[in-house]
Structures are given as structure tokens and as C-alpha cells.
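The structure appears below as C-alpha cells.
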Amino acid sequence: MRIKWIDIAKGLGLYLVVLGHLVKYGSPVFNWIFSFHMPLFFLVSGITFNYSGNYLFSIKKTLKNLVIPYFAIVIFGIIISFIVPTWTPLSLKRSLLEVFYYVQPESLHVGQIWFLFALAMVQIIFISIREIKIKNIKVEFVVIISFSIGALFLKYFETKFHLPNLPFKLDTVFMAILFFYIGFIIKEKNLAERMNHVGNKYLRLIFIVIALLLNIYVGPILNSTINMAANNYNHAIFFFISSFSGIFAILLLSTLIKENKFIEFYGKNSLSIFSIHSVFLYLFSYCLGLAFATHFSIMNNISLTYCFIGSLFVCVLSIPIPKIYGLSVGKLINLFTKKNS
């Protein structure tokens, strides 16, 4: 059974993702959005994750729902990159590395699908950890905290010794699994439903304002730019405070909104729209360049006004995506499922 305000939280998060991929890298708006938007998605993914207890079934389900779509969208990215003028990748080697090593094919204009592969890795590692059973020891907690600390050390060594990121976004995954785990615990302890009954609406508004002020001060102001996709968190304590305060504000705001068909639509279909939206971002910057006879690129030189216009542009173009996604990627998933059954 779907929880409407969780769908609203995902819808709000999706809009922030779209806007965050338009605004200038390192700008105040960028730093605010990136201080919590991806931790929010991993945490909400944990809340909505259903683990049957059947290990192999769960692994197959993850591969079917996340990894197959990843490669399907890569194929779409290849096609679209050779159709649009000036979008053709300059390096085949670089594109192959992006697809199979970094799992972030930016040269194919679908770079944001790294989230699908990362979430698949998070789910596989998480359900594998749950299979470890040692009497009276919180194995999950200990292992996941160790992963998160490991992610911070990885970034330190990658920076100090100029090492490449780990394959398959594993360095990001080691941090993301903490937020996923917390989301899963929220679901397991039924805390999501309790949050829907925290005080009256005025008290929730006060909490939202306090959480946002804390998030803005600790995140964009004290911690500057962070980027979960690049395993970049700057000061770890600031990162955790800004992430959880931002997440808390969005979740509480969603419980106040309660019901909104428009936002719910994007929340229910966040995975498919998230997967494709970067194509529309590039398309918007391309059209903007044609209109003003100059070069525009996302996260670089588009004014904040046009970023908001572009985010609405992407939201409108995304309306048919869930249907198209179901007819294309959905059929591909079913085809692979039948072959392997």
C-alpha cells in the first residue's frame, strides 16, 4: 500500500534533482540542494523497500528492476546522442568507461542513471548483510557504519594519492547504504506513520523552519559544495547534520501537504523520470543556445531564472515518460524475466 505523503516527498525530491542539475555548480542554490537531495532519495528508497526474506528472489528482483533498466537507458542514450547535432560522444573509450566502470554515462547524456546502478548495489549489499546472523550482535548496524566510515577514508585516499573512484559507484554506495538502512529501520519500526502525527500543523511548520535553517547554515554555508555521486562530503559531521536536517524538513513538509495529485504523480514515477530527465536538461540548454545564439551548458552558465523555467520545461516533458518507460523498459524487463524463468 502506497503512503501518499511519501510519494509527495519523492516528488519534491525529484523536482530538486531536476533543478539541481540545471543551476551552476557550487552556487548557493546548488550547494543547498546537493546537501541533502540524494541522501533523501536513498533514505526514502529504504522506507519503500520490501524484503521478502528470500535472498535469491530479492537479488533477481533488484537486477530486474534496476540493472536491466540501467542498460536499456544506456542504449537510449547512445541513440539520442547520435541523433542530436553536436551530441555525438568524442571518445569511445571514455563512453565505455562511463558505462561499465563509473556507471555514469554523461557523454551519452544520461549520466544521472548512476542512481539506478548505485541503488541496485545498495540493495544487494543490504540484503546480503541481513543474511549474516550472529546471535545477540547487531551485525547490520556495525557493518553499515563501517561502510560509511570506509567511504570517508576512501575519499581521503583518492584525493591524497590521486586515485580513481571505485567501479560501479561503490565508494558512493558505501555511504548511501547508511541512509537506505535508516529508511528501512523507519519502515520496520513504523516511524513513518508516526511522523504523520507529530504535533499540529503549526508545530510542524516551526520544526520545518528550524530544520531548514540548520540545513542551510551547516550545509551550504559551513560545508560548501558536496556531491554524493563523486563521494565528496567535505566535513563529514557537517554533511550528516545538513543531510538529516534537510531530509527531516522535506518529510515533515510532505506530511503537511498530505495530498497533491501533481506532486504525487512525480513521486510515484520518480524512478522512470529520474532515469530519463537528464536528456531533457540537455535539450533545454540546447534550445536555449539556439534561441540566444550562444552556448549554454547545464550546471554551468544558465541564469537562475532560466533554471526555474527549465525545471518546469523538464517536468512538463516528463509527463509521458512513465507510459513510454512501461512500454519499452517494462517490456524488456518482462522479456528477460521470461527467458530466465
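Counting from 1, the numbers follow the sequence of the chain as shown.
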Using links of under 4.5 Å between side-chain heavy atoms of ILVMFWY residues, direct or through other members, which residues join Leu97 in one cluster? Tyr101, Tyr102
Name all pairs fulfilling the side-chain hydrogen bond (donor to acceptor under 3.5 Å, both in side chains) condition that reach into residues 150-159, sequence neighbours left out, sorted by first residue then second. Glu158-Asn165
Determine yes or no for a side-chain-to-main-chain donor-acceptor pair under 3.5 angstrom, with Asn300 supplying the side chain and Lys24 the backbone. no
Once you round to the nearest 0.5 Å, how far does CD1 of Ile3 lie from NZ of Lys187? 8.0 Å
Starting at CG of Asn65, measure out to CG of Leu116 and round the result to the nearest 0.5 Å. 10.0 Å
What is the minimum heavy-atom distance between Phe296 and Asn301, and which atoms define it? CA-OD1, 3.4 Å
Taking C-beta and beyond as the side chain, do Phe71 and Val99 meet within less than 4.5 Å on heavy atoms? yes
Say whether, by atom type as modelled, one donor and one acceptor occur between the side chain of Asn234 and the main chain of Thr225 under 3.5 angstrom. yes
Quick one: CG on Asn31 to CG on Leu222, what's the gap to the nearest 0.5 Å? 12.0 Å
Atom of Met299, atom of His21 and distance for their closest heavy-atom approach: CG-O, 3.1 Å
Please answer whether the main-chain N or O of Val44 pairs with a side-chain N or O of Thr48 as donor and acceptor at a distance below 3.5 Å. yes
Leu66 CG to Ile124 CD1 distance, which is reported to the nearest 0.5 Å: 8.5 Å
Solution key, residues 85-94 side-chain donor-acceptor pairs under 3.5 Å, sequence neighbours excluded:
unit_1: Ser91; atom_1: OG; unit_2: Arg94; atom_2: N; d: 3.0
unit_1: Arg94; atom_1: NE; unit_2: Glu98; atom_2: OE2; d: 3.4

For Asn260 and Lys4, does a side-chain donor sit closer than 3.5 Å to a side-chain acceptor? no
List the atom of Met175, the atom of Ser148, and the distance in Å for their closest heavy-atom pair. CE-O, 3.6 Å
Say you draw a straight line from CG of Asn223 to CD1 of Ile221; how long is it, rounded to the nearest 0.5 Å? 11.5 Å
Nearest heavy-atom contact between Asn215 and Ser35 is ND2-OG, 3.1 Å
Taking the side chain as every heavy atom from C-beta outward, state whether Pro39 and Phe239 have any pair of such atoms under 4.5 Å apart. yes
Backbone N/O of Ile113 and side chain of Ser275: donor-acceptor pair under 3.5 Å: no
Rounded at 0.5 Å granularity, tell me how far CZ in Arg130 sits from OG in Ser58. 10.0 Å
Have Tyr55 and Ser128 got a donor and an acceptor in their side chains that come within less than 3.5 Å? yes
How would you list, by chain and number, every residue that makes a side-chain hydrogen bond (donor to acceptor under 3.5 Å, both in side chains) with Lys169, sequence neighbours excluded? Gln104
Might you point out which heavy atoms bring Tyr15 and Cys315 nearest each other, and give the distance in Å? CD1-SG, 3.9 Å
Least distance between heavy atoms, Ile226 atom then Tyr233 atom: CG2-O, 3.7 Å
For Lys261, what residues pass the salt bridge (Lys or Arg N to Asp or Glu O under 4.0 Å) criterion, not counting sequence neighbours? Glu259
Tracing side-chain links under 4.5 Å among I, L, V, M, F, W and Y, which residues wind up in one group with Ile210? Ile206
Flag side-chain contact, heavy atom, 4.5 Å: Tyr286 against Ile298: no
For Ser285 and Ser297, run side chain to side chain donor-acceptor pair (under 3.5 Å): C-alpha distance rounded to whole Å, both residues' side-chain angles, the deciding distance at 0.1 Å, then the answer. CA-CA 6 Å; Ser285 65; Ser297 56; over 6 Å; no
Under 6.0 Å between the ring centres of Phe36 and Phe41? no
